[in-house]
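Written out below as C-alpha cells is the structure these notes cover.
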Amino acid sequence: MTESEYAGALRDADAADVVIVGAGPAGLVLGNILLSHGVDCVVLERADRDAVENRARAGFLVPHTVRVLERNGLDAGLRRRGREHGVCEFRTEDGRFRLDYRRLGLGEPHTVYPQHDLVADLLGLYLDAGGRVRFGTEAVAVSDADGPTPAVTAREADGRPARHRARYVAACDGRHGVGRRSLPPGTARHHHDHGVSWLGLLAEAPPSLDAVGYAIHPRGFAGHMARSADLTRYYLQCAPGTRADAWSDDRIWDELALRMRASAYGPLVRGPIAQRAVVDLESDVIEPLRHGSLFLVGDAAALISPSAAKGANLAVLEAEILGRALVDALVHGDPGGLDRYSERCLPHIWRAQEFSRWMIRLLHALPDPDGDPLFRERLRQARIAGLRDFASAQHWFAENYTGI
Ligand code: APR
C-alpha cells in the first residue's frame with residue numbers, strides 16, 4: 001500500500017485522552033494508574049497477549065518499585081509469589097565474599113519476581129478494570145505532537161491503517177519504538193557503548209546460590225540471579241558478535257562452572273537452557289523526555305545496561321510520575337506536573353546510569369585502547385577489595401544497588 005493509499009485508507013479508531021504505545025511495565029503501570037483515576041486511555045500493543053505475558057525479562061525489583069505497585073493496588077501477585085533477596089556473593093581470584101546489602105544502606109532487600117509474571121498481573125488488572133488494549137496493533141507514527149490533538153497512526157491486527165486521536169501520547173514502546181522515531185530533529189540522545197557483551201541465559205533449574213552471584217574471572221564475567229524456585233538467570237561475558245546458538249548447553253554449563261569456581265565453592269544446579277540471547281551492553285538517554293503532547297517512558301526514555309537490573313525499576317518510577325501528572329492535568333486541570341515530568345525523571349535516570357556503569361567497570365576487564373591494561377586491572381582489583389573491606393563502601397553500594 002503506497003503512503004497516499006495508506007493515508008487515504010486511514011480511518012479513525014479508538015480515540016482517548018491518552019494513547020499509550022506499548023504493554024510492557026511502563027505502559028501497563030501507567031494504564032492502571034490512569035484508569036483508576038477515571039482517565040480514558042487505550043494501549044496499542046503490536047504483540048499478542050500470549051507473547052506479552054510470556055516474554056522473560058528482568059525480575060529484580062527495588063523497594064521503591066514495590067511501594068509504587070503497593071500504593072496503586074498492583075502488588076497482589078508480587079505479595080503472593082515474590083521472594084526477598086538481600087545478599088550478593090562476589091567470587092574473584094582472591095577468594096569470595098558476601099555482602100549482606102539488606103542489612104546496610106537503606107536496609108531494604110530486592111524482591112525477586114519474574115517480570116513476565118508482573119506484566120501478566122498488570123495486564124489482568126487493567127483489563128479487569130475495563131481497560132482497552134489493542135493487541136496486534138503496531139503504531140507506525142505519532143503526528144501533531146506539538147499541538148493539542150496528537151494522533152497515533154497504527155497498523156491494526158487486520159492489517160488496515162487506523163488513526164487514534166488523543167490529548168496526550170505516552171511512548172512506552174522501548175528504544176526502537178515509534179515514540180523515538182517521532183521526536184523532533186535535533187533531539188539530544190546521549191549514547192554509550194560499554195564494549196561488553198553478555199550471553200543472557202534462562203535455565204530451567206533451581207538457583208545454585210542463595211545470593212546474587214557475581215564471578216570475576218580471567219576468562220570473563222559470569223552472573224547468577226534467581227528468578228523463581230525453578231528458574232535461574234545466568235550471564236556469561238562473551239566476545240562482541242557472538243551468536244547465541246554458538247554455545248551448546250554443556251559448553252555453557254562448563255564455562256559457568258569454571259568462571260564461578262564451582263570446584264571451590266560447590267557445583268551449579270544444571271538444567272535445560274530455555275532461553276538465550278546475546279546483549280551488547282549499551283546505554284542511552286533522550287533529553288528532554290517530553291515533546292509537546294508526546295512523553296517518553298521506560299526504555300523509550302532511556303536504555304540502561306542490565307548490569308544493575310535498573311531498567312524495569314526506572315520504567316515503573318517514570319510511569320507513576322507521568323501517571324500522576326496526567327491525572328492532575330486531565331482531572332484537576334493542573335498541567336504543572338507535565339511541565340516538570342522530564343526534570344523530575346532525568347536525575348533518577350542518570351544516577352541509575354552512573355551506578356550501572358560503575359558495576360560494569362567493577363565486574364569486567366574493559367578494553368583500554370590507549371592505556372596500560374594491567375594498570376586498569378589493578379584498579380579494578382582495588383575497587384573489589386574496597387567493597388570487601390570497607391563498611392562505607394558497602395553502605396554506598398547497598399544504597400545504590402537497591403535505590404532508585
Ligand atoms: N507499536 C506497538 N507496540 C510496540 C511498538 C509499536 N511500534 N514497539 C514496541 N512495542 C511494544 C513491545 O511489543 C513491548 O510490549 O512496546 C512494549 C515495550 O515494553 P518493554 O520493552 O518491556 O519496555 P518498558 O515497558 O519500557 O520496560 C523497560 O523492562 O523489558 C524490560 O528490563 C527491560 O529495561 C527494560 C524494561
Side-chain angles (χ1 to χ4, degrees), residues 13-14 19-33 42-62 65 68 112-120 122-123 126 132-142 152-157 161-162 164 169-182 198 200 202 225 227 233 235 275 277 279 281-286 289 294-323 345 348-349 352-353 356 404:
D14 301 285
V19 169
I20 299 169
V21 184
L28 291 172
V29 167
L30 176 60
N32 275 290
I33 291 173
V42 62
V43 176
L44 308 182
E45 167 55 54
R46 69 181 174 193
D48 63 31
R49 179 168 184 176
D50 184 58
V52 169
E53 291 184 332
N54 290 289
R55 191 170 38 200
R57 290 286 184 75
F60 206 49
L61 306 180
V62 298
T65 298
V68 170
V112 173
Y113 186 52
Q115 183 169 312
H116 55 282
D117 288 348
L118 175 61
V119 166
L122 294 170
L123 190 53
Y126 180 74
R132 291 182 286 160
V133 182
R134 295 290 170 265
F135 291 105
T137 296
E138 173 147 21
V140 295
V142 177
V152 179
T153 309
R155 186 175 300 108
E156 307 278 281
H164 297 261
V169 176
C172 305
D173 50 355
R175 62 175 303 199
H176 298 302
V178 75
R180 285 199 176 193
R181 296 202 302 271
S182 306
W198 280 0
L202 191 66
M225 293 164 193
R227 278 288 177 268
R233 168 72 76 186
Y235 292 108
Q275 291 186 18
V279 58
L281 272 56
E282 55 179 320
S283 298
D284 71 11
V285 180
I286 301 290
L289 302 180
L294 171 64
F295 294 84
L296 303 178
V297 196
D299 273 11
L303 178 73
I304 193 163
S305 79
S307 57
K310 297 287 188 184
N313 293 294
L314 279 175
V316 171
L317 170 129
E318 293 152 20
E320 187 186 48
I321 291 174
L322 182 58
C345 292
H348 298 286
I349 291 173
Q353 292 282 5
S356 297
I404 273 282

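In each ligand, atom 1 is the first atom listed, and ligand 1 is the first ligand listed. Fair warning: this is a prediction, and the values are worked out from it, not measured in the lab.
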- atom 19 (O) of ligand 1: nearest protein contact (heavy atom, Å): G24 CA, 3.6 Å
- Query: What are the atoms of ligand 1, with element, lying closer than 4.0 Å to any heavy atom of A26?
  - Reply: 25 (O), 26 (O)
- Ranked by distance from atom 16 (O) of ligand 1, the top protein heavy atom is G22 CA, 3.2 Å
- Task: Look at atom 9 (C) of ligand 1 and say which protein heavy atom is nearest, naming residue and atom and giving the distance to 0.1 Å.
- Result: D173 O, 3.3 Å
- Query: Between R181 (side chain) and H176 (backbone), is there a donor-acceptor pair under 3.5 Å?
  - Reply: yes
- Task: Go through ligand 1 atom by atom and flag the ones less than 4.0 Å from a non-hydrogen atom of T137.
- Result: 1 (N), 2 (C)
- Do you see a donor-acceptor pair shorter than 3.5 Å between the side chains of H348 and Q353? no
- side-chain contact (heavy atoms from CB on, under 4.5 Å) between R134 and R46, worked out: CA-CA 8 Å; R134 295 290 170 265; R46 69 181 174 193; over 6 Å; no
- Looking only at protein heavy atoms, what sits closest to atom 11 (C) of ligand 1 is E45 OE1, 3.3 Å
- Message: Quick test of your reading of the structure: of D299, V29, L28, whose heavy atom lies closest to atom 23 (O) of ligand 1?
- Response: D299
- Note on the structure: among protein heavy atoms, the one nearest atom 18 (C) of ligand 1 is C172 O, 3.3 Å
- Message: Using only atom types and a distance under 3.5 Å, with no angle test, would you say the side chain of N313 pairs donor to acceptor with the backbone of V62?
- Response: yes
- Where is the nearest protein heavy atom to atom 3 (N) of ligand 1: which residue, which atom, and how far? R46 N, 3.2 Å
- Task: Output yes when the distance from some N or O of ligand 1 to some N or O of A139 is under 3.5 Å, and no in every other case.
- Result: yes
- Item | Partners passing ring-ring contact (aromatic ring centres under 6.0 Å, His included) against Y235 (at least two apart in sequence or in another chain) | W198
- Query: Considering only heavy atoms of E138, which atoms of ligand 1 have at least one such atom less than 4.0 Å away?
  - Reply: 1 (N), 7 (N)
- Query: So among I321, L314, V316, L322, which one has a side chain to side chain contact (heavy atoms under 4.5 Å, CB included) with E318?
  - Reply: L314
- Query: Would you say P25 has any N or O atom under 3.5 Å from an N or O of ligand 1, going by distance alone?
  - Reply: yes
- Query: Any idea which protein heavy atom is nearest atom 29 (O) of ligand 1, and the distance to it?
  - Reply: Q115 NE2, 3.0 Å
- Query: With distance as the sole test, does R227 use its side chain to make a donor-acceptor pair with the main-chain N or O of R233 at under 3.5 Å?
  - Reply: no
- Item | Which of the ligand 1 atoms, numbered from 1, are nearer than 4.0 Å to a heavy atom of G298 | 26 (O)
- Message: Has D173 got a side-chain atom pairing as donor or acceptor with G179's backbone, closer than 3.5 angstrom?
- Response: yes
- Message: Main chain of L61, side chain of T65: is a donor-acceptor contact present, judged purely on distance under 3.5 Å?
- Response: no
- Item | Residue pair V21, C172: steps toward the side-chain contact (heavy atoms from CB on, under 4.5 Å) verdict | CA-CA 5 Å; V21 184; C172 305; over 6 Å; no
- Query: Is R55 in contact with ligand 1, taking contact as a heavy-atom separation below 4.0 Å?
  - Reply: yes
- Identify the protein heavy atom lying closest to atom 30 (O) of ligand 1, giving its residue, its atom name and the separation to 0.1 Å. R57 NH1, 2.1 Å
- What are the atoms of ligand 1, with element, lying closer than 4.0 Å to any heavy atom of L44? 2 (C), 3 (N)
- With the threshold set at 4.0 Å, does a side-chain nitrogen-carboxylate oxygen contact exist between R55 and D50? no
- For ligand 1, which part of V21 has a heavy atom less than 4.0 Å away: the side chain, the backbone, both, or neither? side chain
